[in-house]
Colleague: 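Just dropping this structure here.
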Amino acid sequence: MSGFLAGLCVAVLPVLALGVWIGRRTARAKSLAGLGTPVEHATFETLHTASLAAPPLRAGLTEETARKSARKLRSLLGTDALCLTDQSQVLVWDGDGAHHRGEIMERLAGPLETGRGEAFRLTCDSLDCSVRWAVVAPLTVDDRVHGALVACAPRESAVLVRAAGEVARWVSVQLELADLDQSRTRLIEAEIKALRAQISPHFIFNSLAVIASFVRTDPERARELLLEFADFTRYSFRRHGDFTTLAEELHAIDHYLALVRARFGDRLSVTLQIAPEVLPVTLPFLCLQPLVENAVKHGLEGKAVSPGKCHIQITAQDAGAEALVVIEDDGAGMDPGLLRRILAREVSPSGGIGLSNVDDRLRQVYGDDYGLVIETAAGAGMKITVRLPKYQPGVHPAGRLPRE
C-alpha cells in the first residue's frame with residue numbers, strides 16, 4: 001500500500017501546484033462569495049476537474065478514455081484546443097482547429113521518439129482559425145512513450161509550455177497506475193489458472209467413482225450427482241471474470257459438498273449460517289471453495305487412521321463495512337509452524353489445496369490487512385477467517401466495471 005500512496009502523491013502534486021499557480025495569477029484582495037480566497041477557489045476547481053478526468057485514464061490510453069477525459073484536460077489548461085494521441089494517430093480532438101490533425105501527427109515523430117516536449121507554429125490558411133501554435137508534451141510510462149498531449153493556442157506561450165508539461169506528467173501517472181492495475185489483473189488471472197490446476201484430481205476421480213456406484217442401485221441419485229458435478233466444474237472452469245458474489249461462491253460450495261456427502265455419508269455434517277445481507281458482496285473468484293476443500297481434507301480425510309465423524313461450520317456475517325466469513329472444522333488440524341511455511345510457499349501443501357493461493361489473492365486485491373487468519377493446532381481442528389470489504393475500487397462481479 002505504501003507504493004500506492006506514493007503514486008497517489010505523485011499524481012496529485014502536479015495538479016495541486018498548477019491550481020495554486022492559477023490561483024495566484026488571478027488572486028484579488030477579496031474572497032469569492034464564501035468560497036474562500038481566489039487561490040483556494042482556483043485550487044479547488046483544478047483538483048475537482050482533475051478528479052473527473054482521472055477515472056477514464058485509469059483504464060489506459062484508448063479512443064474511449066481519451067474522449068472522456070479530453071474536455072476536462074482542456075479545462076485544466078484553458079486552451080482553445082487539445083488533443084491526445086497514441087504513437088500512430090490522434091485519439092481525440094477537443095476544441096477548435098480539428099483540421100490540424102494531420103499536421104500535428106507529422107510533427108510528433110521527434111517528440112514521440114525522444115520523449116521531449118516541443119512547441120511549434122501551425123500553418124493555416126483559414127482566417128477564422130484561432131489555433132496557431134501547438135505545445136507537445138509526451139506521455140511516458142516506465143520511460144516508454146505511449147503518446148502525447150498536444151495543447152493548441154492562438155499564440156506562443158512559455159506559461160502554456162510549462163502547464164502542458166505538468167498536466168502531461170499527471171496524465172502519465174494515471175496511465176502508470178492503469179498499467180499497474182492491468183499487471184495486477186494479469187497476476188490474479190495467473191493465480192486463478194494455478195488454482196484451477198490445483199483442483200484435486202482425487203476429488204474428480206472419487207466423485208466420478210461415487211456417481212458410477214449409484215448408476216445401477218439408484219439411477220436417479222446418480223443423475224442428481226452428475227448434475228451437481230457438472231455445475232461445480234462449470235463454475236470452477238468458467239472463463240469470464242476475476243470476481244464473483246458470495247452467493248455464487250456458496251452455491252458452488254453447495255455442489256461440492258453434495259458430492260463429498262455422497263462419498264462419506266453421515267461421517268460428514270455441515271452447518272451453514274449465512275446472513276442474507278452479505279450475499280451480494282463481491283469477492284475473488286474461487287476464494288472460499290478451496291478453504292472448504294481444505295476443511296474436508298484435514299477435517300475428514302485426515303482421520304483416515306482412525307475414521308470418525310467431522311463437522312464443518314460455515315458462517316457469513318455482516319460486520320459493518322465488511323463481511324466476515326468463517327470456515328471451521330473439528331478435524332486433524334495442523335502444526336502452526338508447518339502452516340506458516342505453507343503460506344510462505346516454502347513447502348507445497350499435500351493434496352494441492354490452495355491456502356497460499358487464496359491468501360496471496362486476498363492480499364493482492366484488498367491489501368495486506370486482508371489475508372487469511374488461521375487458528376489451528378495438531379489435533380485441534382482449524383478455523384479460517386476471511387474479511388471481505390463490501391466495497392473495493394475495481395472489484396466487481398464477473399470483472400465488470402461500472403458504467404459512468
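In what follows, every heavy atom counts, from backbone to side chain, and hydrogens, waters and symmetry copies are set aside. Given the structure is predicted, the values throughout are model-derived calculations rather than measurements.
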Colleague: If you measure only the distance, is there a donor-acceptor pair under 3.5 Å linking the side chains of His311 and Thr271?
Modeller: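 His311 vs Thr271: donor-acceptor pair found between side chains.
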
Colleague: Is it the case that the ring center of Tyr256 lies less than 6.0 angstrom away from the ring center of Phe232?
Modeller: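 Yes, the ring of Phe232 comes within the 6.0 Å limit of the ring of Tyr256, centre to centre.
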
Colleague: Any side-chain heavy atom of Leu259 sitting closer than 4.5 Å to one from Ser207?
Modeller: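 Result yes, sub-4.5 Å side-chain heavy-atom pair found.
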
Colleague: Say whether, by atom type as modelled, one donor and one acceptor occur between the side chain of Thr140 and the main chain of Asp143 under 3.5 angstrom.
Modeller: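 No; zero donor-acceptor contacts below 3.5 Å.
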
Colleague: Are Lys390 and Asp318 within salt-bridge range, i.e. N to O under 4.0 Å?
Modeller: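 Yes.
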
Colleague: Looking at every heavy atom in both Val141 and His146, which two are closest together, and how far apart are they?
Modeller: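 Smallest heavy-atom distance, with atoms named: CB-NE2, 3.7 Å.
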
Colleague: Specify the closest pair of heavy atoms between Gly97 and Cys129, including all atoms of both residues, with the distance to one decimal.
Modeller: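 Reported closest heavy-atom pair: CA-SG, 4.3 Å.
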
Colleague: Between Lys68 and Glu64, is the closest basic N to carboxylate O distance under 4.0 Å?
Modeller: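 The answer is yes: the pair qualifies as a salt bridge.
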
Colleague: Is any side-chain heavy atom of Val325 closer than 4.5 Å to a side-chain heavy atom of Thr385?
Modeller: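 Val325 vs Thr385: side chains apart.
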
Colleague: Measure from the side-chain N and O atoms of Arg132 to the backbone N and O of Cys124, and report whether any donor-acceptor pair falls under 3.5 Å.
Modeller: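 Here the side-chain-to-backbone pair exists.
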
Colleague: For the backbone of Thr245 and the side chain of Thr282, can you confirm whether one donor and one acceptor N or O come within less than 3.5 Å of each other?
Modeller: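 Judged by distance alone, no pair lies under 3.5 Å.
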
Colleague: Can you name the side-chain contact (heavy atoms from CB on, under 4.5 Å) partners of Ala252, sequence neighbours left out?
Modeller: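 If we apply the side-chain contact (heavy atoms from CB on, under 4.5 Å) test to Ala252, skipping adjacent residues, the hits are Tyr235.
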
Colleague: State whether the side chain of Ser69 and the backbone N or O of Thr65 hold a donor-acceptor pair below 3.5 Å, judged by distance alone.
Modeller: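 Present.
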
Colleague: side-chain hydrogen bond (donor to acceptor under 3.5 Å, both in side chains) between Glu248 and His251: does it pass, once the steps are laid out?
Modeller: CA-CA 5 Å; Glu248 291 176 341; His251 193 56; over 6 Å; no

Colleague: Report yes or no: does Asp142 contribute a side-chain atom to a donor-acceptor pair with the main-chain N or O of Arg144 at less than 3.5 Å?
Modeller: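 No, because the side chain of Asp142 does not come within donor-acceptor range (under 3.5 Å) of the backbone of Arg144.
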
Colleague: Output side-chain donor-acceptor pairs under 3.5 Å for residues 104-116, partner residues at least two apart or in another chain, one line each.
Modeller:
from, atom 1, to, atom 2, distance (Å)
Thr114, OG1, Gly110, O, 3.0
Thr114, OG1, Arg116, N, 3.3

Colleague: Donor-acceptor check, side chain of Arg74 to backbone of Thr79, threshold 3.5 angstrom: yes or no?
Modeller: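 Yes: the side chain of Arg74 pairs with the backbone of Thr79.
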
Colleague: Is a donor on one side and an acceptor on the other found under 3.5 Å between the side chain of Asp359 and the backbone of Leu372?
Modeller: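 Yes, the answer is positive, given that a donor and an acceptor are paired below the 3.5 Å cut-off.
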
Colleague: State, with a plain yes or no, whether a side-chain heavy atom of Glu224 is found less than 4.5 Å away from one of Phe214.
Modeller: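 Result no, sub-4.5 Å side-chain heavy-atom pair not found.
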
Colleague: Could you pull out the closest heavy-atom pair between Val136 and Phe120, with the gap in Å?
Modeller: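 Minimum heavy-atom contact is CG2-CE2, 3.5 Å.
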
Colleague: Using modelled atom types and a 3.5 Å cut-off, is there a donor and acceptor pairing between side-chain atoms of Glu249 and backbone atoms of Gln289?
Modeller: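 Indeed, once roles are kept as given, a pair shorter than 3.5 Å links the two residues.
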
Colleague: With side-chain contact (heavy atoms from CB on, under 4.5 Å) as the test, would you mind laying out the steps for Ser269 and Phe264 before giving the verdict?
Modeller: CA-CA 10 Å; Ser269 61; Phe264 291 103; over 6 Å; no

Colleague: Answer yes or no: is there a side-chain heavy-atom contact under 4.5 Å between Leu283 and Phe243?
Modeller: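 No. Closest side-chain heavy atoms not under 4.5 Å.
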
Colleague: Looking at Val215, is its backbone amide N or carbonyl O close enough to the side chain of Arg223 to form a donor-acceptor pair, meaning the two atoms are under 3.5 Å apart?
Modeller: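 A pair under 3.5 Å: no.
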
Colleague: Hey, are the side chains of Val373 and Val386 touching, using non-hydrogen atoms and a 4.5 Å cut-off?
Modeller: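 The answer is no, as the side chains (C-beta and beyond) never meet within the 4.5 Å cut-off.
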
Colleague: Distance-only, no hydrogens or angles: does the Thr376 side chain make a donor-acceptor pair with backbone N or O of Met334 under 3.5 Å?
Modeller: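 Checking the backbone N and O of Met334 against the side chain of Thr376, a donor-acceptor pair under 3.5 Å is found.
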
Colleague: Does Arg234 come within less than 4.0 Å of Asp231, counting only side-chain N to carboxylate O?
Modeller: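 Looking at Asp231 together with Arg234, the answer is yes, because their closest N to O distance falls below 4.0 Å.
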
